[in-house]
Structure formats: C-alpha cells, structure tokens
Visitor: 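One structure, as structure tokens, below. Some questions next.
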Amino acid sequence: QGEKAPDSTISLSRARIARVARGCSSLAARLGVAAAAPPPMSAHYDMLVIGGGSGGLSCSKRAAQLGKKVAVCDFVKPSPVGTTWKLGGTCVNVGCIPKKLMHQAALLGQGMKDAESFGWELSKPAHKWETLVENVQMHISSLNFGYRSELMSNSVKYYNAYATFTSANTLSLVDKKGKETVVTADTVVVATGGRPKYPDIPGAKEHCVTSDDIFSQATPPGKTLVVGASYVALECAGFIHGVGYEVSVMMRSIPLRGFDQQMAKQVQQYMAEEGIGFIEGAVPTSVELLDSGKRKVTWSLKDGSSASDEYDTVLLAIGRSVCTDGIGLDKAGVALAKNGKIPVTNEMTNVPHIYALGDIVDGDSLSPPSNTTELTPVAIQAGKLLAERLYNGSTAQMDYQGVPTTVYTPLEYACVGLAEEDALKLHGEANIEVYHSYFKPLEWALPHRGDNACYCKLVCDLKAELRVLGLHICGPNAGEMAQGFAVAMKCGATKAHFDATVGIHPTVVEELTILSTTKRSGDSAEKTGC
C-alpha cells in the first residue's frame, strides 16, 4: 500500500488526468470520432467477497471486525419467470427460511386435524395461500434489511453489482443500470452459490417454476406436479400438499439421493400414505401451456411408454447448478472440477489469494470427501474460520465431517454422520452393527395415526467399541433431536454412552437411549407400546 501521498500531490495528479481527458476529447473531436468514456472509479480492498449469501456475509463481517477493509458484491439474476430477491442468499430468500415457515404451515394444518381427538371442536379450517406468502415475504424483507444494516455497522462496503474477474486481483462490478466500477483486492472470496437446474425439454423455462419462485408465488399452486425427488422436491411437495393442494412427485430413480436410502424410503412411504402421489421411473419430455391456463406435462416411462396430465403448477427440483460460469474465473486462473465446482484445500483454490465457500466448493476434493458443503451452517462456519485464519492468527480449520442436517418433509428426517450403506462400504459388513427401532410418538396415539411410521437407528463400528458412525431418525422435530447428538458424536460417543444416558419420558428422542435390537439379529424392530 505504501505511505499516503500528500494532498498537493493528489490534487496535481487529478489535474493532470483532467488535462489528458480534455486533450483526448479535443483530439477525438478533430478526428470526427466519439470520445472514449472516462475510466470507471476504482477502489482497493483487503478482502472482496463475491456473493451475499450465508458464507460470504459471515466471512466479510468477521474480516471487517478484525480491522480489514472489506467489500461484498451481490447480484441476483432474475429466474426465467422473473423472480429476484435481495441480500442474504438462497437460504434466507428462497431456501431454508421460507421452506421451514411453509413446512410449519403444513404442520399446523395437521395439528388442527389432530385437535379433535384431544377434545377441541373446530370448524373445518381453510387455508389462504396469499396470506402465507405475504407474511413469509414480509419476514424475509426484515431479514434482508437486517443483513444490510449489519454490513453498514461493520463498515463493509456493499455493491449491488455483478462481479467478474478481469485478472487475478482485479474485478469489474456492473450494477443493474450498467454502471461499471473497477476494484482490486488482496484477497478474493468466491461464494456465489447455485441456482436450480432446468431440463432440456420444450416449455421447461417458459411454463415451470422452481424453488426460486414458489415461495413468492402470488397465486395458489393448485394441482401441482413436482419433478424430481431431491430434498428440495420432497420438502416442497410436502408443504404444498400440507396446505391443501393435490400434489404428485415425478421420480426418475430414487428419493433423496445422497442420503441413507432406508430412511429415504421411510419418508417416501409416509408421504404416499398421506396422499401424495408418486410417478416413478418417469422423465418429463415436454410442458405445454393450454388455453385454460393449465400446463400439460408429457413424460416417458422406463418401459418406453408415455403418459400425460394437466397441472396448475409444475415445480422443477432436479438439482442445482453452481454459479461459477460467467464470472471470469478463467482470467483469474482458478481451476474448476468437471462438475463446475471449485477444488479447494482449506477453502483455498489453486490461486493462493482466492478462496471459495459454500455450494461452489467441490466436496470430492476435500480430505476426506464431504457432501455437506452446500449446507448453510457449513458455509457460515467455514467463512468465519477463514477470516480468523487470514487475519487473526488462528489455525482452526473447517471440519466437514459429522455435520447434522434435516430434511423438512411431512415426516422429518435428520441425520448425523454416515449413511448405513456408506458405513458398510467403508468398514465392511462384518464390522458394522446397526441398532434400530420403529416407534410412534405419544402425541399421535389419540388421533390413531402413524403406527410404526417413525424410525431411528445407530450405525456403530464394532472395531472401535461400537463408536457411533451414523445417527438417523425419522419423526416429528427430527432436527431438534439430532443437533444435540451431533455434539456427542464429535466427542466420540459410543453405543455405551447412549445406553448410559437416561432418557426423558415420554419423548421421541428417548428412543435413541434404549435401542437394543440389532439388524444382525433378525428380530423385529416394531413397537407395540411405550
């Protein structure tokens, strides 16, 4: 940076620039050509963060708190149907926050049905989609304002502009009006997240919506087809059905790819029993807008046949693409994996001063590999730790293993650690013991629903005193249960630790402290009483 130049020197430099600019304009006029626009204003930062989502905001605020000059660039390109949003990223605007609020709306609907069994006399409840969307969006707006205020209070410069590398340390920032600002930075953190994928079929972008759109959709979804069986797909299908609309899920292959498949099938079975349709082994081939306003979807099946039906809403949830294309990473020399994600070592890319956080991190490049990089709390933690290492002398690294997560389907599913099939693959069947049990929450007893619908299991390592490698539970409030056990598993919890813990009765979570049936035994894991 060097010493600050005297004010007289700065004034002289500005005067020279002005004379040169006037001279260029005069020359251009004599030659009969238009004068070039003056160069955009420039600024230099200790850290520039591209992306105003969970990871980017976490890293930028901590770096600023440690005394660094920091800027955040955030720009949301509208979805094909025109949806856009403000500062905060996917989680706040079109992910975790609105998803759980709408999931709660569905749970309240179920609760009102159950209430009659507990003596409540209620008129038939009616749901108003417009009210839900309005209130959800108002809450999101308050969060957007809060994030903007936090940047200001931490002296982080905010650019609502699209950032593109022009070299390893220089970036062009273009706002929605086309105004360009050139900035340079010693350190650049890329945290651009991802957006929903669209199938390459007629009508997909023209007549379908995604999770980018559904949470702000002004009109009720009506009869809905959800294409895909990812956690986003099943969560959306769950809350749309839960607030009173007919829903079908079109699955190409398996539900909840990447999760424990026994648990995934448990979730799917519960959803089917609740009235959500599943079109299995199907792939959409076209979406057509009819004169009635409905969408006609045609699909092909594994046997080569085809079928079609009409829907009010078609929601695509077939996965996400990372936003690493079109931001000039090649000009900065940053290497990409085949999937478009960025290989990193402790968040550092192959270019030593450029780092990556969140969705765009290639989990396969980590040691050991991890599929948890796309989770919001992971990005927040990784961003905070990165700033601490860069500017506060810390050596703490992000641990991408043993991260708990929850799928907010009608029957919630939470897990920590390895899926059973992954544990078997890594350690061998002879070295894995699985303790498991079906159960029914007491709260479901009076409404007479969900016999043995809930399920939990501990996947244990026989070679290491039955250390718990994986914890899985399907049931109400699954995430609230799994969080605490994640701490225990970080400390190396074994089955003996679970057995020595006295459960709270009557709760759902106490099931994990009384597991005695193993899969190896072949005995039934179903329950007939408390």
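Quick caveat: nothing in here was measured; it's all calculated off a predicted structure. FYI, the numbering just counts along the sequence from 1.
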Visitor: Side-chain contact test, heavy atoms from C-beta onward, threshold under 4.5 Å: evaluate it for I342 versus V361 and give yes or no.
Guide: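 I342 vs V361: side chains apart.
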Visitor: Hey, does Y162 have a side-chain heavy atom less than 4.5 Å from the side chain of D175?
Guide: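 In short, these two side chains do not touch, never coming nearer than 4.5 Å.
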Visitor: Just checking, any donor-acceptor pair under 3.5 angstrom between side chains of D364 and N371?
Guide: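 Looking only at side-chain atoms, N371 and D364 do not form any donor-acceptor pair under 3.5 Å.
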Visitor: Do we see a donor-acceptor contact under 3.5 Å between the side chains of H44 and T184?
Guide: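 Distance-only check passes for H44 and T184.
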Visitor: Any salt bridge linking E235 with K100? Criterion: basic side-chain nitrogen under 4.0 Å from a carboxylate oxygen.
Guide: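 Result for this pair is no, no salt bridge flagged.
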Visitor: Under 3.5 Å, is there a donor-acceptor pair between the H103 and E412 side chains?
Guide: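 Side chains of H103 and E412: pair found under 3.5 Å.
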Visitor: Indicate the atoms forming the closest heavy-atom contact of S211 with R320, along with that distance.
Guide: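 Heavy-atom minimum between the residues: OG-NH1, 3.9 Å.
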Visitor: May I ask you to check if K176 and F75 form a cation-pi contact, with NZ or CZ under 6.0 angstrom from the six-membered ring centre and within 45° of the axis?
Guide: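 No, K176 does not sit over the ring of F75.
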Visitor: Are F215 and F239 close enough that their ring centres sit under 6.0 Å apart?
Guide: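 So the answer is yes for these two rings.
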Visitor: Any side-chain donor-acceptor pair under 3.5 Å between Q217 and D213?
Guide: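 No, D213 and Q217 have no side-chain donor paired with an acceptor closer than 3.5 Å.
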Visitor: Report the distance from atom CZ of F485 to atom NE2 of H472, rounding to the nearest 0.5 Å.
Guide: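 Here the interatomic distance stands at 13.5 Å.
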Visitor: Any chance you could lay out the salt bridge (Lys or Arg N to Asp or Glu O under 4.0 Å) test for R195 and D212, step after step, and finish with the verdict?
Guide: CA-CA 8 Å; R195 298 292 289 270; D212 278 358; 2.9 Å; yes
Visitor: Got a donor-acceptor contact below 3.5 angstrom from the Q401 side chain to the P369 backbone?
Guide: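 The answer is yes, because a donor-acceptor pair under 3.5 Å joins these two groups.
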Visitor: Supply the atom-to-atom distance I380 CD1 to K61 NZ, rounded to the nearest 0.5 angstrom.
Guide: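 If we round to the nearest 0.5 Å, I380:CD1 and K61:NZ are 8.0 Å apart.
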Visitor: Say you draw a straight line from CG of L357 to CD1 of I50; how long is it, rounded to the nearest 0.5 Å?
Guide: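 If we round to the nearest 0.5 Å, L357:CG and I50:CD1 are 11.5 Å apart.
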Visitor: State whether the side chain of T192 and the backbone N or O of T324 hold a donor-acceptor pair below 3.5 Å, judged by distance alone.
Guide: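 No.
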Visitor: Is the side chain of N350 donor-acceptor paired with the backbone N or O of G333 at a distance under 3.5 Å, no angle test?
Guide: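 Confirmed, N350 side chain pairs with G333 backbone.
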Visitor: Should we say atom CZ of R389 is surrounded by more than 12 heavy atoms from elsewhere, each under 6.0 Å from it?
Guide: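 More than 12 heavy atoms, drawn from other residues, nucleotides or ligands, come within 6.0 Å of this atom.
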Visitor: Charged N to carboxylate O below 4.0 Å: is that the case for R295 and E288?
Guide: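 Judged by the 4.0 Å cut-off on N to carboxylate O distance, R295 and E288 do not form a salt bridge.
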Visitor: Quick one, Y355 and L390 - any side-chain contact, counting heavy atoms below 4.5 Å?
Guide: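 When only atoms from C-beta onward are counted, L390 and Y355 do touch, with a gap below 4.5 Å.
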Visitor: So do the side chains of K157 and V72 get within less than 4.5 Å of each other, counting heavy atoms only?
Guide: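 K157 does not reach V72 side chain to side chain.
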Visitor: For N154 and Q65, what are the C-alpha separation, side-chain angles and deciding distance, and is it a side-chain hydrogen bond (donor to acceptor under 3.5 Å, both in side chains)?
Guide: CA-CA 6 Å; N154 284 287; Q65 289 163 3; 3.2 Å; yes
Visitor: Do L143 and H139 have side chains that approach each other closer than 4.5 Å (heavy atoms only, starting at C-beta)?
Guide: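 A side-chain contact exists here, since the closest heavy-atom pair is under 4.5 Å.
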Visitor: For the side chain of E347 and the backbone of L386, is there at least one donor-acceptor N/O pair under 3.5 Å apart?
Guide: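 Side chain of E347 to backbone of L386, a donor-acceptor pair under 3.5 Å: no, none is there.
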Visitor: Just by distance, do the side chain of T90 and the backbone of V94 share a donor-acceptor pair under 3.5 Å?
Guide: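 No, because the side chain of T90 does not come within donor-acceptor range (under 3.5 Å) of the backbone of V94.
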Visitor: Before accepting this row, confirm whether a basic side-chain N of the pair D399/K490 lies closer than 4.0 Å to the acidic partner's carboxylate O.
Guide: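 Between K490 and D399 there is a salt bridge, with a charged N closer than 4.0 Å to a carboxylate O.
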Visitor: Within this structure, what is the OH-CD distance for the pair Y198 and E206, rounded to the nearest 0.5 Å?
Guide: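 Between atom OH of Y198 and atom CD of E206 there are 10.0 Å.
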Visitor: Indicate the atoms forming the closest heavy-atom contact of M398 with A382, along with that distance.
Guide: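 That closest heavy-atom pairing would be SD-N, 3.8 Å.
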Visitor: Keeping the roles fixed (side chain from S58, backbone from G55), state whether a donor-acceptor pair exists under 3.5 Å.
Guide: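 Checking the backbone N and O of G55 against the side chain of S58, no donor-acceptor pair under 3.5 Å is found.
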Visitor: So which heavy atom on G193 is nearest to which on I360, and how close?
Guide: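 Answer, listing the atom of G193 first, then I360: O-CG2, 3.5 Å.
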Visitor: Less than 4.5 Å apart, side chain to side chain, heavy atoms only: is that true for Y158 and D74?
Guide: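 Counting from C-beta outward, Y158 and D74 do come under 4.5 Å.
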Visitor: For the residue pair K69 and Y45, would you count it as a cation-pi contact if the rule is NZ or CZ under 6.0 angstrom from the ring centre and within 45 degrees of the ring axis?
Guide: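 K69 over Y45 ring: yes.
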Visitor: Distance check, rounded to the nearest 0.5 Å: L87 atom CG versus R148 atom CZ?
Guide: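 Between atom CG of L87 and atom CZ of R148 there are 7.5 Å.
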Visitor: Which heavy-atom pair separates A264 from P255 by the least distance, and what is that distance?
Guide: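 Minimum heavy-atom separation between A264 and P255: CB-O, 3.6 Å.
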Visitor: What pair of heavy atoms forms the shortest contact from T285 to I201, and how long is it?
Guide: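 So the minimum-distance heavy-atom pair works out to O-CB, 3.4 Å.
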Visitor: What heavy-atom pair brings V416 and M489 nearest, and what distance separates the two atoms?
Guide: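 Smallest heavy-atom distance, with atoms named: O-CE, 3.6 Å.
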Visitor: Do Q137 and S216 meet the criterion of a side-chain donor-acceptor pair at a distance under 3.5 Å?
Guide: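 No.
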Visitor: Quick one: does L418's side chain get under 4.5 Å of L426's, heavy atoms only?
Guide: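 Sidechains of L426 and L418: in contact.
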Visitor: Quick one: CG on L385 to OG1 on T395, what's the gap to the nearest 0.5 Å?
Guide: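 OG1 of T395 is found 10.0 Å from CG of L385.
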Visitor: Okay, side chain of T170, backbone of S167: is any donor-acceptor separation there less than 3.5 Å?
Guide: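 A pair under 3.5 Å: no.
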